[in-house]
Amino acid sequence: MGDTLGFSCKGVPDNKERAEMYKIAVIPGDGTGPEVVNEGLKVLEAAGKKFGFKYETKEFDFSGQRYLKTGKLVDDSDINELKKYSAIYLGAVGDPQVKPGIIETGVLLKLRFALDQYINLRPVKLYSPAFCPLKDKKAEDIDFVVVRENSEGLYKGMGEFKDKGTKDEVAIQISYNTRKGVERCIRYAFEYTRKRDKRKKLTLCGKTNVLTYAWDLWERTFNEVAKEYPDVTTDYAHVDATTMWFVKNPEWFDVIVTDNMFGDIITDLGAMVQGGMGIAAGGNINPDGVSMFEPIGGSAPKYTGKNVINPLAAICAAAMLLDNLGEAKADKAIEDAVIKIVSGKLNSLAAGKMGYSTTEIGDLVVKNL
Ligand code: IPM
Ligand code: MN
């Protein structure tokens with residue numbers, strides 16, 4: 001009952017056998033993307049040796065830089081090629097010279113949508129209280145996961161202008177929610193909560209008091225699916241209150257499920273309470289297809305090429321990727337190494353202030369594996 005999706009905690013099919021050779025597509029991207037990806041690959045190599053898995057990588061140049069040179073974004077033949085891979089490892093895309101929206105929709109959202117990565121999984125875990133901006137919070141107080149719907153909502157790009165450029169202009173942006181899309185996300189969240197097996201509490205984060213169409217569908221679906229998971233405690237919080245509680249009582253949360261836009265917003269706040277963008281990783285997951293893992297911080301152009309950016313978010317994304325492939329031991333070992341370094345060595349998690357360079361941090365993780 002309930003276990004219809006058949007995947008483990010982070011989107012691994014339950015019966016997945018270890019592949020002879022994983023095929024990992026690497027998209028270094030723009031800005032500091034290539035630098036942090038290098039460190040992630042360094043750690044991946046060390047983990048492969050230690051845990052005995054084999055993989056090959058192929059680099060794909062999808063980036064703002066490439067767009068500026070060639071006008072190319074991600075097209076359908078690229079998508080078909082990527083479908084042959086076990087997973088995708090992404091640094092960051094976005095170049096300040098390109099008008100906002102082009103790379104986001106033409107690369108990142110194109111990949112998420114075309115590969116039907118309908119879950120955006122964002123763990124929020126405090127590795128060291130020293131880097132938490134909240135007063136008096138212990139590491140165990142901040143340990144939750146946001147399950148963000150990743151294929152619909154306001155991100156669908158539906159809408160229109162009326163009388164554009166006139167005084168009577170109207171701009172309409174539609175939040176598009178399908179029963180199927182909402183239900184698969186909610187089911188994933190229930191499965192995930194059960195398999196995570198911590199507090200077994202799933203909070204629906206929405207706005208039922210104002211957005212009375214979308215959140216009516218979400219709430220009804222949530223309550224129906226909940227009946228199949230009597231072992232999971234359910235809760236509801238409005239999105240505005242959720243941001244308040246992230247700061248005031250983050251220990252209340254175990255797993256949170258929400259739509260694409262709210263998930264985008266609350267996970268940036270989540271990243272800050274866990275110590276900042278330097279440590280925040282996420283997965284774009286298609287439980288039946290190819291998933292993509294990325295540090296969530298962006299291309300940070302001003303730090304490019306300086307060897308000062310924090311690669312730990314990208315290293316944690318690589319760990320999530322390994323878990324998704326079924327290499328749970330490697331995932332755990334990398335996370336433990338990261339915890340050790342974060343709590344014992346670093347002055348800060350912010351770029352340029354860590355007390356170590358980008359490459360030194362990669363080396364430290366390898367050493368502590
Ligand atoms: C994220 C990013 C993206 C999003 C942008 C770059 C399109 O902010 O991954 O959260 O809004 O999803
Ligand atoms: Mn975001």
Side-chain angles (χ1 to χ4, degrees), residues 7-13 16-30 32-63 66 74 77-93 107-108 110-112 114-117 119-123 150 281-297 299 311-335 337-338 358-359 362-363 365-366 369:
F7 54 78
S8 86
C9 210
K10 291 183 189 165
V12 192
K16 197 161 180 170
E17 274 180 32
R18 190 183 238 189
E20 287 274 310
M21 177 75 85
Y22 299 120
K23 285 166 63 91
I24 301 175
V26 179
I27 306 174
D30 293 302
T32 52
E35 290 168 66
V36 296
V37 156
N38 273 341
E39 300 315 303
L41 292 175
K42 204 190 252 179
V43 174
L44 206 65
E45 192 183 337
K49 286 196 185 117
K50 189 168 160 79
F51 295 95
F53 60 82
K54 293 201 173 62
Y55 65 94
E56 57 190 25
T57 57
K58 185 175 173 201
E59 215 174 273
F60 289 82
D61 177 24
F62 303 135
S63 61
R66 174 185 181 243
V74 172
S77 74
D78 297 326
I79 296 294
N80 285 332
E81 177 63 19
L82 286 169
K83 282 183 179 161
K84 299 179 196 153
Y85 284 78
S86 324
I88 303 167
Y89 186 42
L90 172 77
V93 289
V107 178
L108 188 61
K110 170 82 183 187
L111 291 165
R112 287 179 183 172
L115 294 167
D116 202 20
Q117 294 163 341
I119 297 297
N120 194 318
L121 195 66
R122 298 201 163 165
N150 210 31
N284 301 276
I285 291 171
N286 175 346
D288 311 303
V290 184
S291 300
M292 174 168 78
F293 298 84
E294 52 173 340
I296 77 174
S299 56
L312 286 174
I315 291 169
C316 291
M320 286 180 81
L321 181 152
L322 286 174
D323 188 72
N324 181 260
L325 295 178
E327 301 294 337
K329 280 191 192 141
D331 168 39
K332 175 82 173 43
I334 295 171
E335 189 180 38
V338 169
T358 306
T359 45
D363 293 340
V365 176
V366 167
L369 256 193

Checklist outcome for this item: With sequence neighbours left out, the residues meeting side chain to side chain donor-acceptor pair (under 3.5 Å) with Glu59 are none
Checklist outcome for this item: In terms of heavy-atom contacts, Leu321 and Ile88 come closest through CD1-O, 3.7 Å
Checklist entry - Would the number of heavy atoms belonging to other residues, nucleotides or ligands and lying under 6.0 Å from CD of Glu56 be above 12? => result yes
Checklist entry - Considering all heavy atoms of both residues, which atom of Pro28 and which atom of Val37 are nearest to each other, and what is their separation? => result CA-CG2, 4.1 Å
Checklist outcome for this item: Taking every heavy atom of Ala317 against every heavy atom of Pro295, the minimum-distance pair comes out as CB-N, 3.9 Å
Next on the checklist: salt bridge (charged side-chain N to carboxylate O under 4.0 Å, His left out), that's the test. Do Glu39 and Lys42 meet it? Break it down for me.
Outcome noted: CA-CA 5 Å; Glu39 300 315 303; Lys42 204 190 252 179; 2.7 Å; yes
Next on the checklist: Under a 3.5 Å distance rule, please check whether Ser291 uses its side chain to pair with a backbone N or O of Asn286 as donor and acceptor.
Outcome noted: yes
Next on the checklist: To the closest 0.5 Å, what do you measure between CZ (Phe62) and CG (Leu111)?
Outcome noted: 6.5 Å
Checklist entry - So Asn80 and Lys83, side-chain contact (heavy atoms from CB on, under 4.5 Å) or not? Walk me through it. => result CA-CA 5 Å; Asn80 285 332; Lys83 282 183 179 161; 4.0 Å; yes
Next on the checklist: Would you compute the distance between atom CG of Asn324 and atom OH of Tyr22 and round it to the nearest 0.5 angstrom?
Outcome noted: 10.0 Å
Item to check | Beyond-backbone contact of Val93 with Glu294, side-chain heavy atoms, under 4.5 angstrom | outcome: no
Checklist entry - How long is the gap from CD1 on Ile315 to CG on Leu41, to the nearest 0.5 Å? => result 10.0 Å
Item to check | Heavy-atom closest pair, residues Lys23 and Lys84 | outcome: CE-O, 3.4 Å
Item to check | Phe60 side chain reached by Leu82 side chain, heavy atoms, under 4.5 Å | outcome: yes
Item to check | Interatomic spacing from CG in Leu90 to CZ in Arg112 - rounded to 0.5 Å | outcome: 8.5 Å
Checklist entry - Using the benzene-type ring in the case of Trp, are the ring centres of Tyr55 and Tyr89 under 6.0 Å apart? => result no
Next on the checklist: Strictly distance-based, threshold 3.5 Å: is any side-chain N or O of Ser63 a donor or acceptor partner for the main-chain N or O of Arg66?
Outcome noted: yes
Item to check | Residues Asn284 and Asn150: side-chain donor-acceptor under 3.5 angstrom | outcome: yes
Item to check | Value rounded to 0.5 Å, distance of CD1 in Ile27 from CE in Met292 | outcome: 6.5 Å
Checklist entry - Do you know the tightest heavy-atom contact between Ile79 and Ala114? => result CD1-CB, 3.6 Å
Item to check | Contact check, side chains of Leu312 and Val365, non-hydrogen atoms, under 4.5 Å | outcome: yes
Checklist entry - So, for Ala47 and Ala330, which heavy atoms are closest and what is the spacing to 0.1 Å? => result CB-CB, 4.4 Å
Next on the checklist: To the nearest 0.5 Å, what is the distance between CD on Glu335 and CG on Leu322?
Outcome noted: 12.5 Å
